[in-house]
Amino acid sequence: MPRRENDHLSMQDALSAFIKKNNLQEGMDKVDVRTAWANLMGNGVLNYTTDVELKRDTLFVSLSSSVLREELSHGKTKIITMLNEELGKELIKKLVLR
């Protein structure tokens, strides 16, 4: 029978240990990026967003409006900075709007 590591862990520490032990951080990052996109962009942009996908360090965002895609392309570096600040780590290095 496996031995317990510690009897007194906070829920956050227990979840963090579980995620690390089972190599789930990449999946959690994908979920966090979608949430951050929704929080930062607001309903106006979210209505035209069809897909948000993180692959390695590149964020792919599919938009149904070509006009919005062009407008957002002018501020890619600012969007990347804002998303990384929201996530609390340098996760996104490149943004592809399609």
Side-chain angles (χ1 to χ4, degrees):
M1 184 171 199
R3 188 171 163 245
R4 284 188 175 185
E5 292 179 16
N6 192 348
D7 290 338
H8 305 288
L9 280 177
S10 69
M11 184 60 86
Q12 181 179 4
D13 293 340
L15 284 174
S16 296
F18 179 79
I19 289 169
K20 185 176 180 182
K21 184 175 182 180
N22 293 301
N23 295 323
L24 300 174
Q25 189 59 49
E26 185 177 332
M28 294 301 293
D29 288 342
K30 289 179 181 183
V31 172
D32 292 341
V33 164
R34 287 189 186 122
T35 304
W37 178 264
N39 290 342
L40 289 175
M41 292 299 136
N43 287 334
V45 175
L46 205 55
N47 288 336
Y48 295 103
T49 302
T50 57
D51 190 31
V52 177
E53 187 176 359
L54 180 68
K55 291 184 181 177
R56 296 188 185 173
D57 61 351
T58 304
L59 181 64
F60 294 92
V61 178
S62 299
L63 300 166
S64 60
S65 170
S66 60
V67 175
L68 179 62
R69 185 179 319 116
E70 183 65 29
E71 287 295 318
L72 291 178
S73 69
H74 294 296
K76 280 185 179 181
T77 55
K78 185 175 181 180
I79 293 171
I80 292 170
T81 304
M82 289 170 41
L83 286 169
N84 283 332
E85 284 177 6
E86 178 80 14
L87 295 167
K89 55 185 167 181
E90 287 290 318
L91 192 61
I92 302 167
K93 303 242 188 299
K94 187 177 176 185
L95 176 64
V96 177
L97 301 169
R98 39 183 178 177

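None of the values given here were measured: they were computed from a predicted structure.
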- line: Of all heavy-atom pairs linking E70 and H74, the shortest is O-CD2, 3.1 Å
message: Atom NZ of residue position K89 - does it have more than 12 heavy atoms of other residues, nucleotides or ligands inside 6.0 Å?
response: yes
- prompt: Hey, does the side chain of D13 reach the backbone of L9 with a donor-acceptor pair shorter than 3.5 angstrom?
  reply: no
- prompt: For F60, what are the other residues in its hydrophobic cluster, where any two members join if their side-chain heavy atoms are less than 4.5 angstrom apart?
  reply: V96
field: K94 vs D57 side-chain heavy atoms within contact, under 4.5 Å
entry: no
message: So, taking the atom named OG in S65 and the one named CG in N47, what distance separates them when rounded to the nearest 0.5 Å?
response: 11.0 Å
- request: Answer yes or no: does atom CZ of R98 have more than 12 heavy-atom neighbours from other residues, nucleotides or ligands under 6.0 Å?
  value: yes
Rounded distance [0.5 Å steps], OG1 in T35 versus CD in E86: 9.0 Å
message: Any carboxylate oxygen within less than 4.0 angstrom of a Lys/Arg side-chain nitrogen, looking at E53 and K55?
response: yes
query: Which distance, rounded to the nearest 0.5 Å, do you find between the CG of L24 and the OG of S16?
result: 11.5 Å
Side-chain cluster (under 4.5 Å, hydrophobic types only) that V45 belongs to, other residues: V33, W37, L40, M41, L46, Y48, V52, L54, L59, V61, L63, L68, L72, I79, I80, M82, L83, L87, L91, I92, L95, L97
R69 CZ to T49 OG1 distance, which is reported to the nearest 0.5 Å: 11.0 Å
query: Are any side-chain N or O atoms of S62 and backbone N or O atoms of T50, one a donor and one an acceptor, separated by less than 3.5 Å?
result: no
